Student: 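This is the structure, below, for whatever I ask next.
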Amino acid sequence: MIGLQILNGLVYGSLLMIVASGLVLIYGLRRVVNFAHGSLFMLGAYIAYAAAQQFGFWVGLVAAVSVLAAVGFCLDRFGFRLLQDRDPLTVMLVTFGLLLVFEDVVQSVWGKQSYSLAAPESLAGTVELFGSPFPVYRLVIVAAGLAVAAALVGWLRHSRVGLFIRGASTDPVTTAMQGVNTDRLSGGVVAVGAALAGLAGVVSGPFLSLSPTMGSDILIDSFVVVVIGGLGSFAGAFVAAMILGQVQALGAVYLPDLAALLPFALMTAVLVWRPSGLSGSRT
Amino acid sequence: MSATLTAPALDGAQVKRASRLPRLLSLTSVAVAVGLAVSMLVESNTVMSLLTQAVIYAVFALGLGFLLKQNGMVSFGHALFFGLSGYLVGVGASLTGSVGTVVVLTIAGIGFFAFALALVIVRVPGIAFGMLTLAIGQSFYVLVSKSRGVTGGADGMSIEFPPRVFGLEIGAFQDPASMFLISWLALVALVLALSLLLGTRFGPLTEAIRENEERVRFIGFRTLLPRAVVFAISAMVTAVGGALSALYTGFVSPESLHWSVSGTVLIMVVLGGSRTLWGPAVGAVVYYLFRDYVGEHTTHWMGIFGVSLIAVIVLWPAGIAGGVMHAVERIKRGSGRHA
Amino acid sequence: MTMTYALEAKGLSVRYGGVTANDGVSMRIAPGEIRGLIGPNGAGKSTFIDALSGRRATAAGSVHLAGRDITALGVVERRLLGLSRSFQRTSIFPGMRIGAQMELAASKIPDADADEVMRELGLDRFADRHANEIGYGDQRRLDIALALVGRPSVLLLDEPMAGLSIEESMKLARHLRELARHWGVSVLLVEHDMEVVFGISDSITVLETGKLLAEGAPAEIRAHPKVREAYLGSAA
Ligand SMILES: Nc1ncnc2c1ncn2[C@@H]1O[C@H](COP(=O)(O)OP(=O)(O)O)[C@@H](O)[C@H]1O
Ligand SMILES: [Mg+2]
């Protein structure tokens, strides 16, 4: 029983990790906290759902990820880039406005009811784990999370972008002094960030269900992850996502009445201990 | 006019302090008179109830705007204090007949809660604050909507008020015309109280903290406490709005704690402009009138508000109040030259 | 024998990750003394001021103000004890009126006179203007005025003349001399304008890559072979 819960926590943690790493990427490069990130996640899920009706899951996945990458690119090109001299608060409010627009779009097209996206047939079975059947698809989510983490680590270790983003999250001033041209990189980076949100949305489809509130639910959990991990830190976000995944999964079973407050309690505890999150310094 | 002409001869600060109180009091009387006039002149019950709701949310917006103005921080979770206040008033009213005491205790309690919370969260770097408040507000929303026992869960909770509250018949709080006036007076009193507070050293101190917190410490002030106090005051003002709403509707639902409520009020604040105390309140009224108008023609008001929010932020960052102040300044300068 | 120094640093070290920006720097400043602190860019001058004023944690060493060990104290306590500073990157309150921010700075310190300081620095005519409406040179002087209000015993100035015209620099230099003489304020002056530093300092300390290179009267420093080689060679 507890083994299964831990596994479920791992599954949700992996999803959170994919979403949160997109947030961290965008923050790392643009210093923007993207409130529209949850809506991008939702948009990804709905686009995949629509495409999957006609052409199956895999086409849906590719379609969603490509559309979201394009959305991300436009967001940077026609949004963040034009606003880069504005106060971060202003940009944050703009992303909040976008959230409202995206939610309206999704509700207008698909209405308020919930949908479910079927897992691809090849992954639809179950395996026997801890004496009960466990959907293979959920294990695939964990694998996807690991793959994204590995790809990001590889990319950030071995590229200029990575150097910049890792530098920016620990010391924005000196990185800015090194004179990296953010504009040239940012379109691509924000596109990747948005595509990751979309990917997570698609992947979550068969696990959670599609509803107009899915965006804000995941946004809130991934904010908790990013704040606990320390704004701009990938390692912090990975760790925090796994912890929060467990807290949600175990809390739902063992403390159902208080489960909703657990992320908040966890976050408060971490912030009292370290105001800038796990990756930050102690006070 | 004559005061401004003689001003340069006197010590500027002295003149400002001396002329502040009479000016505030005369503005307050004007505001009270406007409220009375509106409550007497508007006959349509629909318009009146729209205005009453707008004024209650104006109180909420005043609280949220105060935080932005004096602390430079955006909260996406203030609905927590609004909704929680409604629930506390509701639960309190079911336990005791003296609702006046319940309301006062509720507001004070929320003040303490917010203060304690602020000691933890205002130390977080500015931009993470918005994420944090969103997450905190939403965890309480989920908690309230899932806990069936006291709060009635997702269905909300009807409040049984005793016949008299604050010495008035309960009907006075639930009839739009009289409730409009009550809420309006509460709003005016709160604006006055906050203006007086900002006239003390607390005003420049918190303004300086918003502008450049590090430098404030280098001129010898600790900054954590003032920031936590701003947050607590902001939460208390919001709680007044929540209590008014509970009295008016006799009902609270988890929806009042939902992040979208915080977001909506944030739109009011930005629309009205947060550089003055009264800007957000104006924003609330304009929002309601606009929504009433747009709501008749479309169901896409969320998208429309998203677009308008972006437009206002990008094109008109100081909001309505900023525009008005700018115009007033220009008129003043213009007439000063003629004199 | 035992003289109480206005400010004394003993073996201060500051590290940024792997970089040691201050490496065991010691310094004693007498009451009313103007001490010049020079060194090439990146020598660790700003870091030293940050360490003295409590903005940066030190890895080793101690700071003493009028004989009292203040190493464990925070920024606020140090300022209230009379250790004050200005900033290399102008640090003021852009959206506030100048009179209001000066009054705020004065309000925490008994008998502080904001108006007097504003007059001294030629800011009195801007009292009702917002700080972001005045010129760069005036903003630089406002930064100093914020530090000066309440007459601290020690004033740490990080390149106060950068961006000022020659005339303005000379005026400020005269004013610093006046402060030291009349109010007994000790000044630690980081400045790139060698004419100013050599002109008004009682003594000069030279830093290079975080270490103390030399210390002495202006004439000694001017003649010091290592200093000439490392620093003055190009500048003087
Ligand atoms: N915030 C920082 N993070 C990392 N290194 C820094 C930081 N500030 C300064 N340094 C480094 O410390 C050294 C000393 O810098 P600084 O004290 O600013 O020198 P100066 O004021 O003499 O020009 C330099 O090598 C600089 O790159
Ligand atoms: Mg420097």
Side-chain angles (χ1 to χ4, degrees), chain B residues 3-20 68-72 123 197-227 273-276 279 317-318 321-322 325-326 329 332-333 336, chain C residues 49-50 52-55 73-87 89-110 112 114-115 117-118 124-132 142-150 152 155-156 158:
Chain B
T4 46
L5 285 178
T6 52
L10 295 167
D11 181 324
Q14 271 172 359
V15 171
K16 231 172 282 153
R17 231 171 272 138
S19 68
R20 210 183 139 80
L68 184 54
K69 179 174 183 299
Q70 296 307 125
N71 216 342
R123 299 189 305 163
L197 175 68
L198 295 184
T200 68
R201 188 169 81 181
F202 189 74
L205 174 59
T206 47
E207 198 183 329
I209 293 173
R210 181 201 63 202
E211 293 268 308
N212 188 347
E213 178 171 5
E214 179 178 52
R215 187 66 209 238
V216 172
R217 287 189 279 113
F218 280 100
I219 59 174
F221 291 91
R222 277 172 222 291
T223 55
L224 179 62
L225 214 60
R227 293 180 65 197
S274 65
R275 292 181 199 174
T276 58
M325 292 310 276
H326 191 70
E329 201 101 312
K332 264 191 193 164
R333 274 189 203 164
Chain C
I49 286 192
D50 284 351
L52 292 175
S53 61
R55 192 188 194 202
L73 300 186
V75 165
V76 176
E77 288 101 334
R78 291 185 197 206
R79 162 76 218 224
L80 294 178
L81 287 173
L83 175 61
S84 191
R85 67 167 292 175
S86 73
F87 290 79
R89 277 188 53 198
T90 315
S91 180
I92 54 178
F93 305 102
M96 286 178 78
R97 289 179 208 282
I98 285 150
Q101 47 187 291
M102 287 298 293
E103 263 182 47
L104 180 68
S107 67
K108 196 61 188 279
I109 302 159
D115 293 337
V117 173
M118 282 199 286
D124 47 336
R125 62 206 159 103
F126 300 128
D128 275 331
R129 299 275 290 279
H130 291 268
N132 55 13
L142 175 58
D143 192 331
I144 298 170
L146 287 171
L148 194 55
V149 75
L155 188 57
L156 313 171
D158 199 350

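Below, read A as the first sequence line, B as the second, and so on, with proteins coming before strands; counting in each chain starts at 1. Keep in mind that this is a model prediction, so the values were computed, not measured.
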Student: Check this for me: does any side-chain nitrogen of one of D50(C) and R85(C) sit under 4.0 Å from a carboxylate oxygen of the other?
Tutor: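 Yes, charged N to carboxylate O under 4.0 Å.
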
Student: With a 4.5 Å cut-off on side-chain heavy atoms, are L146(C) and F93(C) touching?
Tutor: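 Yes, side chains in contact.
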
Student: Among V76(C), V149(C), L80(C), which has the most heavy-atom pairs under 4.5 Å with chain B?
Tutor: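 Answer, by heavy-atom pair count under 4.5 Å with chain B: V76(C).
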
Student: Answer yes or no: does atom CZ of R55(C) have more than 12 heavy-atom neighbours from other residues, nucleotides or ligands under 6.0 Å?
Tutor: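 Yes - once you tally the heavy atoms of other residues, nucleotides and ligands closer than 6.0 Å, there are more than 12.
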
Student: Heavy-atom distance under 4.5 Å to chain B: side chain of L83(C), backbone, both or neither?
Tutor: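 Contact with chain B is absent: no heavy atom of L83(C) under 4.5 Å.
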
Student: Only counting residues at least two apart or in another chain, list the ones meeting side chain to side chain contact (heavy atoms under 4.5 Å, CB included) with R210(B).
Tutor: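 With sequence neighbours excluded, R210(B) shows a side chain to side chain contact (heavy atoms under 4.5 Å, CB included) to K69(B), E207(B), given in chain and number order.
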
Student: Given the options S91(C), A105(C), S53(C), which has more heavy-atom pairs under 4.5 Å with chain B than any of the others?
Tutor: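 Option with the top pair count is S91(C).
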
Student: Counting heavy-atom pairs closer than 4.5 Å to chain B, which one of R78(C), Q101(C), K108(C) comes out on top?
Tutor: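 Sorted descending by pairs with chain B, the first entry is K108(C).
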
Student: Heavy-atom cut-off 4.5 Å, strictly under: side chain, backbone, both or neither for A106(C) against chain B?
Tutor: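 Neither part; nothing is under 4.5 Å.
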
Student: So which atom in S84(C) and which in A147(C) form the shortest heavy-atom distance, rounded to 0.1 Å?
Tutor: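 Nearest heavy atoms, S84(C) then A147(C): OG-O, 2.7 Å.
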
